[in-house]
Amino acid sequence: MPYVSATDLGNRIGADQLTRLADRDGDGVADTGVIEAAIAEADGVIDGYLTGRYELPLSNPPALLTSIACDLILYALHPWGAPEEVRNRRNDAIKMLQSIADGKVVLDGRIPSDDEPQWGDALPVMTDPRRMGF
């Protein structure tokens, strides 16, 4: 399930801006393949950070992930180099994803998955040196 749809993206950045960024054949219409590829790229990045922390796919993705996805997509839609503001927003999105992966940020009260060890999980502490096995 994508974290944002093409319609949501158009509403966020404006239909004219989306067309300007995604019209690769110059016909005045945003190319759906370009938009879908950018959405898939953003979804892959987000899932890469959430894997092992949350059970994927998330149903009803929280607004934070929608915002992060939009920033990643906007960056992906600039194939010849993004403006500084767009690069900064992408970098901030990656930092937020890292905070989620590290467990510093929890998504809308969702319970992290118990399937795998989580980033930052501590190893057991042995208080009796005779039980360490060496």
Side-chain angles (χ1 to χ4, degrees):
M1 169 182 219
Y3 295 101
V4 66
S5 69
T7 302
D8 295 334
L9 184 63
N11 291 338
R12 182 176 174 109
I13 69 171
D16 291 340
Q17 174 79 338
L18 184 58
T19 298
R20 188 180 67 75
L21 293 171
D23 179 17
R24 301 292 161 79
D25 58 10
D27 65 356
V29 178
D31 300 334
T32 57
V34 171
I35 296 170
E36 289 171 359
I39 290 172
E41 180 179 330
D43 289 349
V45 170
I46 293 169
D47 286 349
Y49 280 93
L50 298 183
T51 297
R53 174 67 57 189
Y54 292 95
E55 188 174 323
L56 300 176
L58 293 175
S59 60
N60 289 332
L64 175 61
L65 292 183
T66 300
S67 177
I68 288 171
C70 286
D71 290 339
L72 295 174
I73 293 165
L74 188 57
Y75 179 81
L77 289 173
H78 285 85
W80 301 283
E84 183 177 1
E85 179 183 339
V86 173
R87 286 193 316 268
N88 290 340
R89 290 178 70 151
R90 181 217 180 253
N91 292 339
D92 290 344
I94 295 294
K95 287 176 189 174
M96 180 58 71
L97 287 170
Q98 187 63 56
S99 293
I100 294 168
D102 291 341
K104 295 176 184 173
V105 175
V106 177
L107 298 177
D108 287 348
R110 294 172 193 263
I111 300 172
S113 172
D114 290 329
D115 294 341
E116 300 178 23
Q118 306 299 310
W119 289 98
D121 280 354
L123 295 172
V125 176
M126 302 296 284
T127 57
D128 186 353
R130 295 175 291 178
R131 294 184 184 206
M132 289 188 179
F134 50 90

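Computation of the quantities below employed the complete heavy-atom set of this structure, encompassing side-chain atoms and omitting hydrogens, waters and symmetry-equivalent molecules.
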Q: Taking the side chain as every heavy atom from C-beta outward, state whether Arg90 and Ile94 have any atom pair closer than 4.5 Å.
A: yes

Q: Treating Ile, Leu, Val, Met, Phe, Trp and Tyr as nodes and any side-chain heavy-atom pair under 4.5 angstrom as an edge, say whether Tyr54 and Met96 lie in one connected cluster.
A: yes

Q: Minimum heavy-atom separation for Pro61 and Pro2, please, with both atom names.
A: CG-O, 4.3 Å

Q: Have Asn91 and Tyr75 got a donor and an acceptor in their side chains that come within less than 3.5 Å?
A: no

Q: Side chains of Val29 and Thr19: does their closest heavy-atom pair fall under 4.5 Å?
A: no

Q: If every non-hydrogen atom of Arg87 is compared with every non-hydrogen atom of Ala82, which pair is closest and at what distance?
A: NH1-O, 2.6 Å

Q: For a 4.5 angstrom cut-off between non-hydrogen side-chain atoms, does Asp8 reach Tyr3?
A: no

Q: Side-chain contact, heavy-atom cut-off 4.5 Å: Ile73 with Ile13?
A: no

Q: Could you check whether any side-chain heavy atom of Leu21 comes within less than 4.5 Å of a side-chain heavy atom of Leu9, counting everything from C-beta outward?
A: no

Q: Rounded to the nearest 0.5 Å, what separation is found between the SG atom of Cys70 and the CG atom of Leu65?
A: 11.0 Å

Q: Considering all heavy atoms of both residues, which atom of Ala38 and which atom of Ala76 are nearest to each other, and what is their separation?
A: CB-CB, 4.0 Å

Q: In this structure, are over 12 heavy atoms from other groups packed under 6.0 Å from Asp16 atom CG?
A: no

Q: If you define the side chain from C-beta out and look only at heavy atoms, does anything of Asp71 sit under 4.5 Å from Asp92?
A: no

Q: What pair of heavy atoms forms the shortest contact from Leu18 to Ala30, and how long is it?
A: O-CB, 4.1 Å

Q: Determine the minimum heavy-atom distance between Arg53 and Ile100, stating which atoms define it.
A: NE-O, 3.6 Å

Q: Pick from Thr51, Leu97, Leu56, Leu58: which one makes a side-chain contact (heavy atoms from CB on, under 4.5 Å) with Ile46?
A: Leu97

Q: If Ile, Leu, Val, Met, Phe, Trp and Tyr residues are connected whenever their side-chain heavy atoms lie under 4.5 Å apart, and connections chain through other members, are Leu64 and Val4 in the same group?
A: no

Q: Minimum heavy-atom separation for Ala93 and Leu72, please, with both atom names.
A: CB-CD2, 4.2 Å

Q: How far apart are the C-alpha atoms of Arg89 and Leu74, what are their side-chain angles, what is the distance that settles it, and do they pass the side-chain contact (heavy atoms from CB on, under 4.5 Å) test?
A: CA-CA 9 Å; Arg89 290 178 70 151; Leu74 188 57; 5.5 Å; no

Q: Evaluate the side-chain proximity of Ile68 to Thr66: yes if any heavy-atom separation is below 4.5 Å, no if none is.
A: no

Q: Check whether any side-chain heavy atom of Arg24 sits under 4.5 Å from a side-chain heavy atom of Pro79, and report yes or no.
A: yes

